[in-house]
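In what follows, a single structure is set out as structure tokens and then discussed.
If you're wondering where the values come from, they're calculated on a predicted model, not measured in any experiment. We use all heavy atoms of the structure for the numbers below, so side chains are in, but hydrogens, waters and symmetry mates are not.
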Amino acid sequence: MDSKYNTIINLKMDSSEKEKEIYTFLRESTRNQSKKSVTTDLKEEYRKPIDKLMMDHQFCQFHLQQKINRDLKKFIKENNLNEMK
């Protein structure tokens, strides 16, 4: 629970949770709240449940930056490119 904004949060979603469990969690935890958006990491399984609940889906900036960095490093390595220094 985020006491500042009086909203339910879940900081530890199990990696094995699928769309159905995510949908149920979000639906139940936001039942009596006005809801506009959900901010998540980049886990693909969030997309459909959030759309189904008609909320906006935002990505966590920290996780997005991590993914971009991982993808760039992978691309550089796979293509035998030198990193700029």
Side-chain angles (χ1 to χ4, degrees):
M1 177 65 122
D2 182 329
S3 59
K4 181 177 178 182
Y5 296 105
N6 194 32
T7 189
I8 294 175
I9 57 173
N10 186 1
L11 295 176
K12 191 176 179 186
M13 292 287 280
D14 188 297
S15 62
S16 67
E17 289 183 290
K18 302 297 179 211
E19 289 177 12
K20 182 178 179 183
E21 289 86 5
I22 294 168
Y23 173 80
T24 301
F25 168 77
L26 290 172
R27 186 191 70 224
E28 294 300 316
S29 63
T30 61
R31 180 175 296 206
N32 296 319
Q33 298 184 26
S34 63
K35 45 196 177 267
K36 293 183 181 183
S37 66
V38 176
T39 303
T40 69
D41 57 16
L42 303 173
K43 187 175 178 183
E44 186 63 32
E45 288 82 3
Y46 290 119
R47 185 171 309 277
K48 287 182 184 176
I50 291 171
D51 286 347
K52 190 174 179 181
L53 290 166
M54 297 186 302
M55 292 188 270
D56 290 334
H57 188 187
Q58 301 179 78
F59 295 121
C60 169
Q61 183 177 358
F62 173 77
H63 286 101
L64 183 58
Q65 288 174 338
Q66 274 189 327
K67 179 174 177 18
I68 290 168
N69 286 333
R70 277 193 310 268
D71 290 350
L72 283 173
K73 286 180 181 183
K74 181 180 176 185
F75 178 82
I76 289 167
K77 185 176 182 179
E78 288 175 351
N79 292 284
N80 295 320
L81 301 174
N82 293 324
E83 290 187 51
M84 296 179 76
K85 295 184 181 198

What distance do T40 atom OG1 and Q58 atom CD have between them, rounded to the nearest 0.5 Å? 9.5 Å
How many angstroms lie between atom OG1 of T30 and atom CZ of F25, to the nearest 0.5 angstrom? 8.5 Å
D71: which of K74, K73, K67 passes salt bridge (Lys or Arg N to Asp or Glu O under 4.0 Å): K67
Nearest 0.5 angstrom please: R70 CZ to L72 CG, how far? 11.5 Å
So CG of D41 and CZ of F59: to nearest 0.5 Å the spacing works out to 9.0 Å
Spatial distance of atom NZ (K52) from atom OH (Y23) [nearest 0.5 Å]: 4.5 Å
Go through the steps to decide whether E21 and K18 satisfy the test salt bridge (Lys or Arg N to Asp or Glu O under 4.0 Å), and finish with yes or no. CA-CA 6 Å; E21 289 86 5; K18 302 297 179 211; over 6 Å; no
Less than 4.5 Å apart, any side-chain heavy atom of V38 and any of L53? no
When you compare the side chain of E19 with that of I22, does any pair of heavy atoms fall below 4.5 Å? no
